[in-house]
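These numbers were taken from a predicted model, which means no experiment stands behind them.
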Amino acid sequence: HAEVPSEIVDAVLTLHGLAAKLRKKRFAAGAINFDRPEMKVEVDEKGRPVNVYQKVTKEANWLIEEFMLLANRTVAEFVAKGARKQAKTFVYRVHDEPNQEKLQNLRNFIGNFGYKMGPTTNGKEISKELNSLFVAAKDTPEYNAIELLSLRTMAKARYDIENLGHYGLAFKYYTHFTSPIRRYPDMMVHRLLADYLAGGASAKAEVYEKLCKHASEREIVAAEAERASIKYKLVEFMQDKIGYVFGGHISGLTEWGMYVEVEPT
């Protein structure tokens with residue numbers, strides 16, 4: 001390997017230090033630290049699954065993530081506070097506070113394992129309690145089930161022309177702007193921003209309200225399709241494993257049976 005020039009090394013290490021500070025500040029402000037590993041299925045040239053592995057996020061991922069978040073937040077704040085001195089129609093990524101009923105179910109559930117969460121309904125306090133819960137339960141057999149149930153208490157993020165803030169990230173201003181531009185809302189944001197920087201008039205709110213609703217609906221469809229495709233390949237991967245014994249965690253109970261997360265898939 002060619003030696004990396006010292007100025008690049010210095011720049012990356014400086015960025016790493018800044019990312020660590022941004023991350024720390026975000027969690028201090030009430031961001032929630034969900035860190036569920038993503039499952040990846042490796043397939044052969046015929047599309048048959050040959051391996052299943054966890055995609056684990058590392059510090060290099062966090063470095064990129066923090067600056068993506070910073071770019072998204074900066075653009076949203078710039079427009080919300082008034083690009084060219086006047087607030088204009090824009091596409092925000094918004095996220096509501098947790099569902100109180102689901103939160104109570106979580107409190108009841110974790111009580112069975114000896115954990116406690118206060119009765120607070122204050123959003124920032126809830127996020128701190130959740131983070132403390134994750135730290136306390138880390139490396140225990142029940143951790144997966146607790147994190148999964150905690151995730152289910154969360155509202156779904158969506159696109160909106162009203163800047164309602166992003167609860168999970170603890171940002172007052174947030175949008176989807178960063179490259180690679182892979183979502184239609186990213187494109188809407190880039191076009192609106194370019195137009196406003198060039199002194200353009202505010203876009204029609206009702207047009208973008210419809211587009212935000214459509215993008216939010218399609219996002220759910222796309223996410224469900226992605227989950228279904230992974231489940232399909234996991235089932236295919238496990239088809240020839242009948243008779244094998246695996247370790248696992250019960251991750252859900254229903255009146256007709258239970259869900260088990262099998263290690264390591």
Side-chain angles (χ1 to χ4, degrees), residues 16-39 54-70 72-73 76-77 93-158 163-174 223 227 247-254 258-264:
H16 181 263
L18 290 169
K21 285 177 181 169
L22 285 167
R23 192 173 159 85
K24 190 177 176 184
K25 190 177 176 185
R26 198 158 53 83
F27 289 127
I32 302 172
N33 191 14
F34 285 113
D35 194 23
R36 277 188 71 72
E38 206 181 323
M39 296 313 303
Q54 286 186 357
K55 183 184 169 189
V56 181
T57 55
K58 298 181 178 173
E59 285 184 52
N61 302 92
W62 294 344
L63 188 157
I64 302 293
E65 179 80 5
E66 286 305 325
F67 289 106
M68 280 171 60
L69 294 177
L70 181 63
N72 288 342
R73 193 181 75 203
E77 190 170 351
R93 178 71 169 170
V94 302
H95 185 228
D96 295 327
E97 291 193 357
N99 177 299
Q100 290 298 325
E101 193 181 328
K102 287 180 179 177
L103 211 52
Q104 192 50 50
N105 290 342
L106 176 66
R107 285 190 188 100
N108 297 343
F109 178 74
I110 64 171
N112 296 315
F113 297 97
Y115 302 104
K116 277 200 178 93
M117 265 182 78
T120 181
T121 55
N122 176 297
K124 191 172 174 180
E125 285 175 23
I126 291 166
S127 64
K128 282 190 172 171
E129 297 226 11
L130 281 173
N131 284 335
S132 300
L133 172 65
F134 297 154
V135 170
K138 195 80 179 157
D139 300 323
T140 64
E142 63 269 19
Y143 180 74
N144 273 6
I146 288 172
E147 192 177 37
L148 203 58
L149 202 57
S150 301
L151 260 174
R152 287 177 187 155
T153 69
M154 292 293 128
K156 276 191 168 61
R158 66 180 194 280
N163 176 43
L164 304 169
H166 196 293
Y167 174 76
L169 293 170
F171 287 157
K172 193 176 173 185
Y173 306 94
Y174 193 62
R227 274 197 292 271
H249 293 107
I250 295 170
S251 60
L253 287 169
T254 68
M258 61 191 177
Y259 289 94
V260 180
E261 283 196 353
V262 172
E263 303 289 343

- prompt: If you round to the nearest 0.5 Å, how far is CG of N144 from CG of L149?
  reply: 12.5 Å
message: Rounded to the nearest 0.5 Å, what separates atom NZ in K172 from atom CZ in R73?
response: 12.5 Å
- request: List the atom of G168, the atom of H95, and the distance in Å for their closest heavy-atom pair.
  value: N-ND1, 2.9 Å
message: I'd like to know whether CD of Q100 has more than 12 heavy-atom contacts from other residues, nucleotides or ligands below 6.0 angstrom.
response: yes
field: Evaluation steps, side-chain contact (heavy atoms from CB on, under 4.5 Å), between E38 and Q54
entry: CA-CA 6 Å; E38 206 181 323; Q54 286 186 357; over 6 Å; no
message: side-chain contact (heavy atoms from CB on, under 4.5 Å) for K58 and N61? Distances and angles first, verdict last.
response: CA-CA 5 Å; K58 298 181 178 173; N61 302 92; 3.7 Å; yes
- request: Please list, chain by chain and in numerical order, all residues satisfying salt bridge (Lys or Arg N to Asp or Glu O under 4.0 Å) with R26, sequence neighbours excluded.
  value: E66
statement: Scanning both residues in full, the closest heavy-atom pair of L130 with S150 reads CD2-OG, 3.9 Å
field: Atom pair CG/CG of N33 and L133 - distance to nearest 0.5 Å
entry: 12.0 Å
- request: To the nearest 0.5 angstrom, please state how far the CG atom of N99 sits from the CZ atom of R152.
  value: 13.5 Å
task: List the atom of V94, the atom of L164, and the distance in Å for their closest heavy-atom pair.
output: CG1-N, 3.6 Å
message: Test side chain to side chain donor-acceptor pair (under 3.5 Å) on Q104 and N108; report intermediate values, then the result.
response: CA-CA 6 Å; Q104 192 50 50; N108 297 343; 3.1 Å; yes
query: Minimum heavy-atom separation for Y115 to A137, with atom names?
result: OH-CA, 3.5 Å
- request: Assign the ring pair F171 / Y174 to parallel, tilted or perpendicular, where the plane angle (0 to 90°) is split at 30° and 60°.
  value: tilted
- line: Tightest non-hydrogen contact, residues A29 and A170, listed as O-CB, 3.7 Å
statement: Rounded to the nearest 0.5 Å, the CG atom of L169 sits from the CG atom of L69 at a distance of 5.5 Å
- request: Name all residues meeting the ring-ring contact (aromatic ring centres under 6.0 Å, His included) criterion together with F134; count only those two or more places apart in sequence or in a different chain, and write none if there are none.
  value: F34
field: All pairs passing salt bridge (Lys or Arg N to Asp or Glu O under 4.0 Å) where residues 117-129 contributes a residue, at least two apart
entry: none
- prompt: Is the number of heavy atoms from other residues, nucleotides or ligands within 6.0 Å of CD1 (I250) greater than 12?
  reply: no
query: Judged by atom type as modelled, is there a donor-acceptor pair below 3.5 Å linking the side chain of N163 to the main-chain atoms of E77?
result: no
message: For a quick test of reading the model, state the closest non-hydrogen atom pair linking Y167 to G123 and the distance between them.
response: OH-O, 2.6 Å
- line: Output for pair (R107 CZ, M117 CE), nearest 0.5 Å, gives 5.0 Å
- request: Find out whether N112 and E142 are in side-chain contact, i.e. whether some heavy atom of one side chain is under 4.5 Å from a heavy atom of the other.
  value: no
